There are 2 protein chains.
Amino acid sequence: MMGRYGLALDFGGTKLSAGVVDVATAVWQAGTPVWQAKGRVYSPPGADFHSDLAAMVKLGHELLGGERPLAVGVSFGGPVDYRTGVVRLSHHVPGWENAPLQAQLEAAFHAPVRVDNDANVAALGEYRFGTGQGSESLLYVTVSTGVGGGWVLNGRPWRGHEGLAGEIGHTVVDPAGPECLCGKRGCVERLASGPYMAADLAARLGSAESFTGQRVAELAAQGQPDAQAILQRGGWALGVGLGNAANLLNPERFILGGGVTKSGDLWWTAVRQAAQATALPQIHSDIRPAALADDAPLWGAIALLELAGLV
Amino acid sequence: MMGRYGLALDFGGTKLSAGVVDVATAVWQAGTPVWQAKGRVYSPPGADFHSDLAAMVKLGHELLGGERPLAVGVSFGGPVDYRTGVVRLSHHVPGWENAPLQAQLEAAFHAPVRVDNDANVAALGEYRFGTGQGSESLLYVTVSTGVGGGWVLNGRPWRGHEGLAGEIGHTVVDPAGPECLCGKRGCVERLASGPYMAADLAARLGSAESFTGQRVAELAAQGQPDAQAILQRGGWALGVGLGNAANLLNPERFILGGGVTKSGDLWWTAVRQAAQATALPQIHSDIRPAALADDAPLWGAIALLELAGLV
């Protein structure tokens, strides 16, 4: 009974998640995928590379229950060199710079490991097991605390020459727009991400209250006009970015995930209208919600192993 | 001695060009490619599908001197369905809608034919024989009467789900910018194409004189401030479009061709600065002039046959 298991690991900003699948059965079925075992631990404040890695290895071994996995697929929440499995940097946790994640996990699990960044892995998860099923090319975009994306072209991840493709959040859609931390004005992330929309609403209301992206959506749903304007502007910005991407690459499908996509019809309508107005009339932008939610990176990690021929 | 020849055809807006290469020798050499025979005729005003096709077939047969080609590669100046070789529409010449170009040429030359649009074919030409040599991924952009582009990703053309990828000219970089014929404001083509820059200069000077893009560049070189401002704005718009494309796809190289790219340092500096300011600091946008000039589509047509395994 040994060796039938694929292990998926997801190093998020604050959470470490892992799942085990029996690759001989569950994954290969159509419909809703089922995990053999799944778990999650929190990465505490003050965590670093060594503590996170140790916690994740412990979680993985627990879920495997003494079995050795066929292979280990990994989603990492930051830039990674896919070819070497070395982390470039972490936006969240110190000590990850140049960490040889793949090599360390191979030693810990005695199995081959593949590592990619969360956007690419989530895109692959939706492509293989979620909303992307049946399409050949897609851009997956997560709209959350940041705005980032991953491509699947011809059924394979497109990572770009330097492994940095998919940064739709840093495309500029309004050069006269507000300034972003990235130094530019009017990039998609500055206008469409949850924290920036929340900060803009607080500023507009002159409020000392600290809003969240979710609160902006709630107030908009209650008819608060400033919240509606900011939410619609965020949807517009993302829509222009998607329309530009449609003109440039003409992918079959766009898939949107992340907390901001729960903002309701006002937001979705703004996104779709701006995308349609920006794309050429002959170019069709099929924009759909993601299906796998928080599980997209875990399922994508399994798909990553499939593509590498390891499970 | 029969059957060593590849025939390349380029259906341009006003010109019909053709070239013959000995695929056993010339094309496969490194360095500057050499044509066995090359010719060009003009598509007269009033030309239609039948007259253009007849003129091109005549030119091809003349250049072949009675030899039958191994295969025929075709660049067409408008949208084409690559899989079927049927023209979708022509922006220039009437009667081309739904013309079965591939089938008609196969009958005329008794050889297999491949057809693609000029931007994709020129991109492939630069990739194989021009500035793109040694790179794995590139976006080729022609900046001329219009602004259009073609992708090569992983050494192959990326045409998009509906065959419409590469339309960088219709990406929006300034939603408060002037209105384009396409109905949008501030798309790259509206700001960066030769005719639009010329019209903007005429309007700004209140001049009855009819300018050209080339004249804008000449006046800018002579220090005329309005011409300089318009030329720099055009370069800026293209640069933002390239920077956005760099963030989205992270290609290894950008290659720029077309008349506007002869506008001098002022223009190139504006393009490069805007692209660099728009792309993330870790993303490098290598922007270079095209090498093959008007021959890019002809050489690309030969490369198209290579990729299809026909020569």
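Just so we're clear, the structure is a prediction, and the values are computed from it rather than from any experiment. Reminder, nothing fancy here: chain letters follow the sequence lines and each chain counts from 1.
Put simply, of B/Gly166, B/Gly149, B/Ala176, the one with the most heavy-atom pairs under 4.5 Å next to chain A is B/Gly166. Of the residues considered (B/Asp174, B/Val240, B/Leu139, B/Leu153), B/Leu153 shows the highest number of contacts with chain A, using heavy-atom pairs under 4.5 Å. Interface summary for chain B: among A/Asn250, A/Val173, A/Leu249, the most heavy-atom pairs under 4.5 angstrom belong to A/Asn250.
Using a 4.5 Å heavy-atom cutoff, the side chains of A/Pro175 and B/Pro175 are in contact. Considering only heavy atoms from C-beta on, B/Thr171 comes within 4.5 Å of A/Leu248 through its side chain.
Judged by distance alone, with hydrogens and angles left aside, the side-chain atoms of A/Trp158 form no donor-acceptor pair with the main-chain N or O of B/Asn154 at under 3.5 Å. No donor-acceptor pair under 3.5 Å is formed between the side chain of B/Asn247 and the backbone N or O of A/Ile168. B/Glu162 contributes a side-chain N or O that, together with a main-chain N or O of A/His284, makes up a donor-acceptor pair within less than 3.5 Å.
When heavy atoms are compared at a cutoff of 4.5 Å, B/Val172 approaches chain A by way of both its backbone and its side chain. Using a 4.5 Å cut-off between heavy atoms, B/Glu136 makes no contact with chain A at all. Residue contact with chain B, scored on non-hydrogen atoms closer than 4.5 Å, is absent for A/Arg253.
The residue from A/Thr278, A/Ile283, A/Leu280 that alone fulfils the side chain to side chain contact (heavy atoms under 4.5 Å, CB included) condition with B/His170 is A/Leu280.
Within 6.0 Å of atom CD in B/Gln276, 12 or fewer heavy atoms from other residues, nucleotides or ligands are found, so the atom counts as exposed in its surroundings.
To the nearest 0.5 angstrom, B/His161 atom NE2 is 11.0 Å from A/Ser285 atom OG.
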